[in-house]
Amino acid sequence: GQQLNQSPQSMFIQEGEDVSMNCTSSSIFNTWLWYKQDPGEGPVLLIALYKAGELTSNGRLTAQFGITRKDSFLNISASIPSDVGIYFCAGLGSGTYKYIFGTGTRLKVLA
Amino acid sequence: GAVVSQHPSWVICKSGTSVKIECRSLDFQATTMFWYRQFPKQSLMLMATSNEGSKATYEQGVEKDKFLINHASLTLSTLTVTSAHPEDSSFYICSARDGQGGDTIYFGEGSWLTVV
């Protein structure tokens, strides 16, 4: 099925560094969601965005709904080892309940 | 946040048998639930959309007679893998849409199925 382009695919960073990842789409979305998935578990919702330009924080995490409504960004500040995992974005267009998922960003934090 | 519970967390079954996986929304009503399959190191692959009180909508390439979905109540959807084969071994995840919460979807913990 259709997937969003998520970048980067993977990244190794040092503990304490900031992390940025993004998702882009060729179509407009009305909702963007960001999830984190630990190995062998289901994705856990991190941040939900419902309005273009919206900037929302959840602790060290900040996500933004792009003005064009075709992209979204997730930033993690001062990364810690437990930030390791796979981060997925999900976008919802109009007239549907089916979310489109990003390909995922694998984050590895070096202590 | 909202809670979605999936059961069992893992199951081992013999080839040819059927396995049922349950997905429950614990603190909200979910008129729509989704079932996914996830292969190692890959993103979620949507299998079907489960609608309360009506037939599920299957994605292209997913056999509806093999993956039976029932959404009998606003808080429960079940996925039954019929006549399971080893190639059906996978991680299956459900999600539920909170229609009162901005259409946000919440995921279950996932179920590991191993067919031997």
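Lettering follows sequence order; numbering is per chain, from 1.
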Shortest non-hydrogen contact from [X] to [Y]?
X: A:G102; Y: B:S43; result: O-OG, 2.9 Å
X: B:F34; Y: A:K98; result: CE2-CG, 4.0 Å
X: B:K41; Y: A:R106; result: CA-NH2, 2.7 Å
X: A:F88; Y: B:Q42; result: CZ-O, 4.2 Å
X: A:F101; Y: B:L44; result: CE2-CD1, 3.8 Å
X: A:E41; Y: B:F91; result: O-CE2, 3.6 Å

In this structure, would [X] and [Y] fall into the same cluster of hydrophobic residues linked by side-chain contacts under 4.5 Å?
X: B:F107; Y: B:W10; answer: yes
X: A:L55; Y: A:F65; answer: no
X: B:M47; Y: B:L68; answer: no
X: A:W32; Y: A:Y87; answer: yes
X: B:V81; Y: B:V62; answer: yes

*Using a cut-off of 6.0 Å, state whether more than 12 heavy atoms not belonging to B:E87 lie near its atom CD.*
yes
*Counting only heavy atoms not in B:K66, do more than 12 sit closer than 6.0 Å to its NZ atom?*
yes
*Between CG of A:L92 and CZ of B:R97, what distance do you get to the nearest 0.5 Å?*
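Here the interatomic distance stands at 9.0 Å.
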*With side chains defined as the heavy atoms from C-beta onward, is the minimum distance between B:I93 and A:Q37 less than 4.5 Å?*
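With C-beta onward as the side chain, the pair touches.
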*asked:* Show, in sequence, the C-alpha distance, side-chain angles and deciding distance for A:Y99 and B:L46, and conclude whether the side chain to side chain contact (heavy atoms under 4.5 Å, CB included) test is met.
replied: CA-CA 9 Å; A:Y99 278 85; B:L46 180 65; over 6 Å; no
*Is chain A contacted by the side chain of B:T49, its backbone, both, or neither, given a heavy-atom distance below 4.5 Å?*
side chain
*Start with the C-alpha gap between B:D103 and A:T31, add the side-chain angles, then the distance that decides, and say whether side chain to side chain contact (heavy atoms under 4.5 Å, CB included) holds.*
CA-CA 8 Å; B:D103 287 332; A:T31 302; 5.5 Å; no
*Heavy-atom pairs under 4.5 Å with chain B are the metric here; pick the option from A:P39, A:G104, A:G42, A:P43 that has the most.*
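When all of A:P39, A:G104, A:G42, A:P43 are compared, A:P43 has the most.
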*Examine whether an atom of A:Y97 lies under 4.5 Å from a heavy atom of chain B, and if so say whether it belongs to the side chain, the backbone or both; otherwise answer neither.*
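Both backbone and side chain.
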